[in-house]
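These notes are about the structure you will find just below.
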Protein chains: 2
Amino acid sequence: MSKADVSLEHLFKVFTKPENDDSTLAKIERHLSDNVSDFLSRHVVAKKTSLEEIEQDFMSHLVPDQPEFVSTHAELLLEKLVSHSVNTYSPTFIGHMTSALPYFQLSLAKLLVGLNQNLVKIETSKAFTPLERQTLGMMHNLVYNCDEAFYGEYLHSAKHSLGAFCSGGTIANITALWVARNKLLGPSRDFAGVAKVGLMAAYKHHSINNLGLICSKRGHYSLGKAVDVLGIGRNNMLKVDNSDLRLSPESVLKLGTQYQAQGNKLLAIVGIAGTTETGHVDPLDELADVAKELGTWFHVDAAWGGATLFSNTHKHILKGIERSDSVTIDAHKQMYVPVGAGMALFKNPHDANAVRHHAQYILREGSKDLGATTLEGSRNGMALTVYSSLHILGRNGYQLLIDKAISLAQTFARLINQHKHFELVTEPVLSLLTYRLRPAHLSAMGEASASQVKDINSELDKLTVSIQKQQREAGKSFVSRTRIEAPQYQGAAITVFRVVLANPLTTEQDLVNILNEQVALAEAHEIWQQLSQQVLSRIA
Amino acid sequence: MSKADVSLEHLFKVFTKPENDDSTLAKIERHLSDNVSDFLSRHVVAKKTSLEEIEQDFMSHLVPDQPEFVSTHAELLLEKLVSHSVNTYSPTFIGHMTSALPYFQLSLAKLLVGLNQNLVKIETSKAFTPLERQTLGMMHNLVYNCDEAFYGEYLHSAKHSLGAFCSGGTIANITALWVARNKLLGPSRDFAGVAKVGLMAAYKHHSINNLGLICSKRGHYSLGKAVDVLGIGRNNMLKVDNSDLRLSPESVLKLGTQYQAQGNKLLAIVGIAGTTETGHVDPLDELADVAKELGTWFHVDAAWGGATLFSNTHKHILKGIERSDSVTIDAHKQMYVPVGAGMALFKNPHDANAVRHHAQYILREGSKDLGATTLEGSRNGMALTVYSSLHILGRNGYQLLIDKAISLAQTFARLINQHKHFELVTEPVLSLLTYRLRPAHLSAMGEASASQVKDINSELDKLTVSIQKQQREAGKSFVSRTRIEAPQYQGAAITVFRVVLANPLTTEQDLVNILNEQVALAEAHEIWQQLSQQVLSRIA
């Protein structure tokens, strides 16, 4: 491979001389601008199916000594990286929460790097700081709907914060619970506060054995990380068994009362608005009551479901979210911006002061530097992607997209229910649902004994894993899979296909094709064939 | 303002129809591609100087109902946002660690959004997962220089991790100390480990009063956040006074021994390789000895200085970094990639397992999903920007850039020393230095009494603050400021200009102009004029 010169002159060119119009990178850019779907379908060819094979292209641990020409490198990226990426724009990629994005986001990405602002402080972001504050204010208003005087006072206040932009929902959840912890165990007349003296001293001062957090078994794994990082410990994440996949307020009240009576203190109750696996929404309004009764923080993880608030048709599902103390929303999920735009929002603009910090060269007392209350330090201007999307799609545009996604999920549920070889496991509440293949002749399973059902489910689990993998590797479409406690099997855990119907370009025909492909793969599968014989003979 | 239709048809266009070639966004993109410096100098006009004035454009807390046309919105962005951003590409923007970027990063940013991969799991990233692992491996090798067999075994191992990509250095520092904490207080035969039972139980089990961290007074403020978040408490961050701006190994040993003798346990010693304010590098090799003697984790925060390892000329300054347990490096600092590319590296590939976690639908046991050992969840493919930069600049290219930056800092130090109206406060070790204006007639200050020196310094502090602000607002150039304990004033804190000479396009003439501008502003300043009279009369 030809190598470039190692000279300051060559390097200066890399910084100052744009790529030619006929360079590979310029061509890539034009192709993306003209037709991103076409770019992806041509280049994401996924010839290698196993990760081990792909890894062969990424084996060297040595930083190459000599510079490579940009064009040589770009060719390699197409061949080794792009060709084996995932086509998240594809309408049949319905397994995860990443989907097609509007075109203007491509241009904004370039603008962001051209500007390369750092939002930790005003000196390296200037107008981006008020832009981010406004964006957080708009999202705060969407959730909490406070009045004009409120935003007039707090939107740009140096002493307050309506929320924090984060790289994602995990950091947002940690930020919210960090604030909750530091507020609960904050400084008082005779105590310096947990931020200064640490958890051990805070527990002693407050005479508590443990801090605990209550959420449902479907709580996102980031909550586990949060209690781990914050020093609370995973055992103190009290997961309530929720047989209908929603957190039961009665169980929470009972558990919380018991827990606090044992010398512990509840840090927070976390309600989920759109669980990652099935899209269920906890009964937020009733949970707000329980939080009030127990005197604890109420956090809502609406990383996925928060955008439902744009829809007048469906926002009632999230009723009660406006009573929470904090909310997590990921704009890179249902708000159609690129990955990296999480937000933690705080109802009370004073709360973030529980984690306020300063330095000598930035974040000085009284400054409006955003970094004074964020967990992250240097951050890029991702708020722009959300700001622009709020303007270019608008509340009404988002409503149409959300309504369409939920309606498509209902259509898919109907298709599954109508198909003799499928079993819908969880109904869509938002635009997620789970289902599995179940050969038609097993419909007599209801009559089978518990141990027979268990055996069959175990075989079906293996079938689901195998079909999901085969379908993914075939490369035409992608659904994900998970294990959930299925209400219809008395809470026994079964493996299911999981779909997220967020891509506005997905059609009913795409869904029909996905089901047909799964049936075709299944009918050729040995488990399917064995099940036909064994099970029929057993049940007969 | 004209508003777009609210219809699914219109929205589909936003997702599927590219912008016209003569649209504002397309023009912005072309201008960026053709000449990013020219784009910035034309559009970053900064007519409004006060933040309050800029805020007027970002006041509404309401998500607009109706969609805006993309072109209308893009015009507004140019007018309201871009015009009042910071020109970080400018060769005279030498106040912070963000600088000009190579052109290819603009194209990569667009490619990243076109692909929109999520690196938390292979199912949404595929080839990006091995690419990120390889990039971490190359950086690991740069620091730890292990042999081929080592990387052959660990680079792509599902059970190991050489590091974690993070949104920035703060998350990298937190990640490193989280791993250190969970390893130190990890599970044993009769203890479930801090991750499960929390800090309180872990302290009790190990019979320790407190966990502590030792670093210098120049430690980055993110370390304070780390001990806060991790539940250790800011009071347990033991900051060693370091009169020569480097952490004294003797003091650390003494303090650490004392601290542990009092029933506490040291979590870590943190050495800084390139302090944010002055660029000093702690004596890493000797600190490694002390860490060994005290039996504690040794973390090096090389967010800024890590890239010095590319230079055979200067890497000796970081000697001992290869003996650390973990290292933080920010590629968006001296590696010239866009903001958002931090890394935590671990010498021992087993260590990250102290924070390993799983979920049902991803990060399954045995998978190579990167998210199983990262603090963040969903993340974009920033590793690509580093991977490409390592190839396109190469180790030798980076060496030239690093050497040039350090040499330019030395040139600047010489200019300052030669100028009668300036005082160099800290010599450049890497490419940072601090200085201040000091009228020539004050050179007799050495003869002044302590209280006179204090008074004069207090006046000079005000002058520095004021000139820094005036220069920033004039918009031609930017240096930052901070307060440091100056060795030449017996450790008294003074306010200084702080410069970071990272931009490869900055010339000696730019530096001369910056000094001349400061002198011109100062000579017109009332403090300068008063000082001339008052001080002369006092000292006389």
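In what follows, chains carry the letters A, B, and so on, assigned in the order in which the sequence lines appear, proteins first and then strands, with residues in each chain numbered from 1. Side-chain atoms are counted along with the backbone in the values below, which use heavy atoms only and exclude waters and symmetry mates.
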Original post:
Which residue out of Ile232(A), Leu81(A), Leu108(A) racks up the most heavy-atom pairs below 4.5 Å with chain B?
Top reply: Leu81(A)

Original post:
Does any heavy atom of chain B fall under 4.5 Å from the side chain of Glu148(A), the backbone, both, or neither of them?
Top reply: both

Original post:
Given that the side chain runs from C-beta out, which part of Leu11(A) has a heavy atom under 4.5 Å from chain B: side chain, backbone, both or neither?
Top reply: side chain

Original post:
CG of Asn118(B) to OG1 of Thr98(A): how many Å apart, nearest 0.5 Å?
Top reply: 5.5 Å

Original post:
In terms of heavy-atom proximity below 4.5 Å to chain B, should Tyr221(A) be classed as side chain, backbone, both, or neither?
Top reply: side chain

Subject >> Portion of Tyr398(A) that has a non-hydrogen atom of chain B nearer than 4.5 angstrom >> reply: neither

**OP:** Determine the interplanar angle of the His10(B) and Phe69(B) rings, folded into 0 to 90°, and report it as parallel if under 30°, tilted if 30 to 60°, perpendicular if over 60°.
**Re:** perpendicular

Subject >> Among Val36(A), Leu155(A), Leu115(A), residue most engaged with chain B (heavy-atom pairs, under 4.5 Å) >> reply: Leu115(A)

**OP:** Would you mind checking which part of Lys121(B) comes under 4.5 Å of any heavy atom in chain A, side chain (CB onward), backbone (N, CA, C, O), both or neither?
**Re:** side chain

Subject >> Under 4.5 Å from any heavy atom of chain A - which part of Arg181(B) >> reply: side chain

Original post:
Between Thr482(B) and Arg498(B), do the side chains contain an N or O donor and an N or O acceptor separated by less than 3.5 Å?
Top reply: no

Original post:
Which region of Ile171(A), side chain (C-beta onward) or backbone (N, CA, C, O), has a non-hydrogen atom less than 4.5 Å from a non-hydrogen atom of chain B, or is it both or neither?
Top reply: side chain

Original post:
Between Tyr336(B) and chain A, which part of the residue has a heavy atom less than 4.5 Å away: side chain, backbone, both or neither?
Top reply: side chain

Original post:
By a 4.5 Å heavy-atom criterion (distance strictly below it), what part of Leu390(A) contacts chain B: side chain, backbone, both, or neither?
Top reply: both

Subject >> Which atoms of Leu40(B) approach chain A - backbone, side chain, both or neither, heavy atom under 4.5 Å >> reply: side chain

Original post:
Where on His61(A) is there a heavy atom nearer than 4.5 Å to chain B: the side chain, the backbone, both, or neither?
Top reply: both

Original post:
Side chain, backbone, both or neither: which part of Leu375(B) has an atom under 4.5 Å from a heavy atom of chain A?
Top reply: both

**OP:** Counting only heavy atoms closer than 4.5 Å, note whether Tyr89(A) contacts chain B via side chain, backbone, both or neither.
**Re:** side chain

Original post:
Checking heavy atoms, do the side chain of His391(A), its backbone, both or neither come under 4.5 Å from chain B?
Top reply: both

Subject >> Atom group of Ile122(A) that falls short of 4.5 Å from chain B, counting heavy atoms >> reply: both

Original post:
Side chain, backbone, both or neither: which part of Leu363(A) has an atom under 4.5 Å from a heavy atom of chain B?
Top reply: side chain

**OP:** Go through Glu19(B), His84(B), Arg481(B), His332(B) and name the one with the most non-hydrogen pairs under 4.5 angstrom from chain A.
**Re:** Arg481(B)

Original post:
Looking at CZ of Phe478(A) and OG1 of Thr88(A), how far apart are the two atoms once the value is rounded to the nearest 0.5 Å?
Top reply: 11.5 Å

**OP:** Below 4.5 Å from any heavy atom of chain B, which atoms of His140(A) appear? Answer side chain, backbone, both or neither.
**Re:** neither

**OP:** Consider only side-chain N and O atoms of Asn380(B) and Gln117(B), and report whether a donor and an acceptor are under 3.5 Å apart.
**Re:** no

**OP:** Starting at CG of Leu384(A), measure out to CG of Leu111(A) and round the result to the nearest 0.5 Å.
**Re:** 6.5 Å

Subject >> Reported NE2-to-OG1 distance for the pair His156(A) and Thr129(A), which is rounded to 0.5 angstrom >> reply: 10.5 Å

Subject >> For Ser60(B), the option from Asp57(B), Val63(B), Leu62(B) that meets side chain to side chain contact (heavy atoms under 4.5 Å, CB included) >> reply: Leu62(B)

Original post:
Of the backbone (N, CA, C, O) and the side chain (C-beta and beyond), which part of Ile392(A) lies under 4.5 Å from a heavy atom of chain B, both, or neither?
Top reply: both

Subject >> Contact origin within Met97(A) toward chain B - heavy atom pairs under 4.5 Å >> reply: neither

